[in-house]
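Note sheet for the following structure.
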There are 2 protein chains.
Amino acid sequence: MIDLNKGKKDFTNFLKEHGQRLTNERSVVLNRILSCAGHFDPDSLYLQIRQTGLKVSRASVYRTLTLLHKSGFISIVGKTDKGTIYECTYGIKHHDHMHCIECGKVIEFYSDELEKLQEKICKKQGFEGQSHTLEIRGYCAQCRKNMK
Amino acid sequence: MIDLNKGKKDFTNFLKEHGQRLTNERSVVLNRILSCAGHFDPDSLYLQIRQTGLKVSRASVYRTLTLLHKSGFISIVGKTDKGTIYECTYGIKHHDHMHCIECGKVIEFYSDELEKLQEKICKKQGFEGQSHTLEIRGYCAQCRKNMK
DNA sequence: TAATAATTGAGATTGAGTCTCAATAACAAT
DNA sequence: ATTGTTATTGAGACTCAATCTCAATTATTA
């Protein structure tokens with residue numbers, strides 16, 4: 001379970017470092033995101049917040065998402081015709097994915113060696129990596145067996 | 001160098017399989033994409049085509065890009081405030097991407113070490129990798145400089 | 001050549017996301 | 001606490017990439 005208070009504190013610190021303030025509106029958005037892990041898009045988030053009776057404008061939701069993105073609390077998973085899809089990455093252990101083309105199974109994996117190699121590659125370019133997405137598509141062990 | 005004729009033939013085949021036709025407009029767009037490798041966005045592509053004196057409407061450019069995407073000739077690298085960024089993947093050697101959160105710049109890179117490590121990781125899982133996508137998000141050298 | 005079906009283009013339309021700016025809220029200093 | 005300073009908010013206007021419309025056009029099939 002994610003520690004809401006720690007989240008709030010960490011976000012406040014990030015804001016302070018940039019001469020910005022933790023307002024009620026930002027707090028509302030942050031809480032909503034931390035408490036319902038998973039993917040979301042800005043407009044749905046806005047509607048959800050409004051449904052709970054809280055008042056945060058669309059503009060503020062968008063502005064807060066930009067801040068949360070820059071601070072690394074959330075990351076962009078992709079963009080669809082319904083808009084940007086974000087996911088909460090705060091307090092979530094990073095992992096990558098293998099995706100079986102045959103059966104659709106998704107295997108999560110983590111490799112420290114891989115992480116370090118990526119860092120090394122970034123450094124070479126003067127690039128400061130914040131997050132990444134790696135998806136390997138292919139055939140899982142089970143499906144490979146079945147093919148033979 | 002990319003074989004324009006082979007490209008045309010392959011695209012025609014794809015279209016035929018879907019009961020569609022290779023028109024002059026589609027041909028113009030295809031040629032433009034195959035002959036200038038690299039990243040591009042739909043509107044710039046449209047303007048480039050118009051500059052050469054050829055007449056293809058914006059709508060057709062967008063429609064053709066959708067087709068080329070579905071047929072695997074091009075793939076989406078990312079989205080910026082200037083629109084979707086595509087890249088030609090037909091006959092192009094594989095590479096991965098770094099995406100600057102600040103300015104939207106996309107840096108291509110290739111690391112043999114990385115490819116081999118991924119293979120090794122797959123093997124451990126009994127997974128047979130066919131293709132992959134890696135996007136590292138963060139800040140490019142230029143933007144990091146500007147931040148200071 | 002005629003019939004059929006896909007395609008085009010100009011401009012209207014959509015919709016995610018941004019911007020404006022006066023009103024308001026948070027913070028720092030006294 | 002009060003005041004001054006500065007960041008933030010919200011409603012709605014605005015932007016602009018992308019899609020849709022539909023009559024005119026073009027490619028294919030019979």
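Letters go in sequence order (proteins before strands), and every chain restarts at 1.
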request  = List the steps and the verdict of side-chain contact (heavy atoms from CB on, under 4.5 Å) for Y86(B) and I33(B).
outcome  = CA-CA 10 Å; Y86(B) 289 94; I33(B) 286 168; over 6 Å; no
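- For the pair F40(A) and R32(A), the minimum side-chain heavy-atom distance is 4.5 Å or more.
- Rounded to whole Å, the distance from CG on L54(A) to C1' on dT9(D) is 15 Å.
- Atom CG of L45(A) is separated from atom C1' of dG17(C) by 15 Å (rounded to the nearest Å).
- Listed by residue number, the members of residues 8-26 of chain A with any heavy atom below 4.0 angstrom from DNA chain D are G19(A), Q20(A), R21(A), T23(A), E25(A), R26(A).
- For F11(B) and F73(B), the ring centers sit closer than 6.0 Å to each other.
- Defined by atom type and a distance below 3.5 Å, a donor-acceptor pair is present between the side-chain atoms of Q118(A) and H132(A).
- A straight line from CZ of R58(B) to P of dT13(C) spans 18 Å, rounded to a whole angstrom.
- For R63(B), counting side-chain heavy atoms from C-beta on, the closest listed nucleotide (dG9(C), dA11(D), dT18(C)) is dG9(C).
- Side-chain atoms of A59(A) lie closest to dC19(C) of the nucleotides dG17(C), dC19(C), dG9(C).
- For the atom pair NZ of K116(A) and CG of L117(B), the computed distance is 12.0 Å after rounding to the nearest 0.5 Å.
- Nearest-nucleotide mapping onto DNA chain C: of G83(A) and V61(B), the residue sitting toward the 5' end is V61(B).
- Atom CD1 in I85(B) sits about 9 Å away from atom P in dA18(D), given to the nearest Å.
- T64(A) contributes no side-chain N or O that, together with a main-chain N or O of R26(A), makes up a donor-acceptor pair within less than 3.5 Å.
- Distance from the side chain of Y62(B) is smallest to dT19(D) among dG17(C), dA10(C), dT19(D).
- The interatomic distance linking Y46(A) (OH) with dA16(C) (C1') rounds to 14 Å, in whole Å.
- We find that CG of L67(B) is positioned 15 Å from C1' of dA18(D), with the value rounded to whole Å.
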ask   = Under the side-chain contact (heavy atoms from CB on, under 4.5 Å) criterion, do E25(B) and R63(B) qualify, and how do the steps go?
value = CA-CA 10 Å; E25(B) 287 80 0; R63(B) 283 188 288 231; over 6 Å; no
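- Within the 4.0 Å cut-off from OP1 or OP2 of dA16(C), not a single side-chain nitrogen or oxygen of T84(A) is found.
- Between the C1' atom of dA23(C) and the NZ atom of K55(A) lies a distance of 15 Å, rounded to the nearest Å.
- Regarding contacts with the backbone of dA10(C), every side-chain N or O of S57(B) stays at 4.0 angstrom or more from both OP1 and OP2.
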